[in-house]
Amino acid sequence: SWDMLLDLMLRSLEGREVSVSSLCIASRVPPTTALRRIDDLVKAGWVLRVKDPNDGRRVLIELTEAATDRLRLY
């Protein structure tokens, strides 16, 4: 989860989008484990799943505002 949060924060600072598949790769764990961690982060209020407005097949992952604030403080 930590690797995912760091990747999301870095990409956010760069103004880049992060897809579910990209985040799974960044986590360096099996995809099923990564998807479970994403679910955990969604439930904990750290990230949001957002449909890609340009591609209906893709889902993007974004940090919540609260998560961004927490990571900045850290």
Side-chain angles (χ1 to χ4, degrees):
S1 295
W2 181 243
D3 288 339
M4 290 179 173
L5 291 172
L6 290 179
D7 187 63
L8 286 165
M9 185 66 178
L10 176 64
R11 302 258 185 126
S12 173
L13 292 170
E14 295 172 342
R16 296 173 58 195
E17 298 175 334
V18 180
S19 67
V20 169
S21 57
S22 173
L23 193 57
C24 288
I25 292 167
S27 70
R28 295 178 289 165
V29 296
T32 53
T33 301
L35 291 170
R36 276 197 307 274
R37 294 299 154 253
I38 292 170
D39 286 342
D40 293 343
L41 291 169
V42 169
K43 289 176 188 170
W46 283 85
V47 301
L48 300 170
R49 281 189 176 94
V50 179
K51 290 188 179 197
D52 185 336
N54 300 317
D55 185 345
R57 299 167 295 171
R58 251 175 53 146
V59 175
L60 303 173
I61 303 296
E62 297 177 355
L63 288 171
T64 62
E65 189 174 326
T68 301
D69 292 343
R70 289 181 205 155
L71 289 169
R72 284 180 195 268
L73 287 173
Y74 184 74

*Does atom CD of Glu14 have more than 12 heavy-atom neighbours, drawn from other residues, nucleotides or ligands, at distances under 6.0 Å?*
yes
*asked:* As an exercise, state the distance from OG of Ser22 to CG of Leu60, rounded to the nearest 0.5 Å.
replied: 10.0 Å
_Are the side chains of Ile38 and Cys24 in contact, using a 4.5 Å heavy-atom criterion?_
yes
*Nearest 0.5 Å please: distance from the CG atom of Leu63 over to the CG atom of Leu13.*
9.0 Å
*Going from OG on Ser12 to CG on Asp7, what distance comes out if it is rounded to the nearest 0.5 angstrom?*
11.0 Å
*Would you kindly confirm whether Val29 and Leu6 end up in one hydrophobic cluster when ILVMFWY residues are joined by side chain heavy atoms under 4.5 Å apart?*
no
*asked:* Nearest 0.5 Å, please: how far is CG in Leu41 from OG in Ser1?
replied: 4.5 Å
_Residue pairs involving residues 33-46 (criterion side-chain hydrogen bond (donor to acceptor under 3.5 Å, both in side chains); sequence neighbours excluded)_ = Thr33-Arg36, Arg37-Asp40, Asp39-Arg49
*asked:* I'd like to know if Leu8 and Val59 are part of one continuous hydrophobic network [Ile/Leu/Val/Met/Phe/Trp/Tyr, side-chain heavy atoms within less than 4.5 Å].
replied: yes
_Membership question, hydrophobic clusters at under 4.5 Å side-chain separation (ILVMFWY): are Val42 and Met4 in the same one?_
yes
*hydrophobic_cluster_shared for Leu23 and Leu5, side chain cutoff 4.5 Å*: yes
For residues 66-74, which side-chain donor-acceptor pairs fall under 3.5 Å, sequence neighbours excluded?
unit_1 : atom_1 : unit_2 : atom_2 : d
Thr68  : OG1    : Thr64  : O      : 3.1

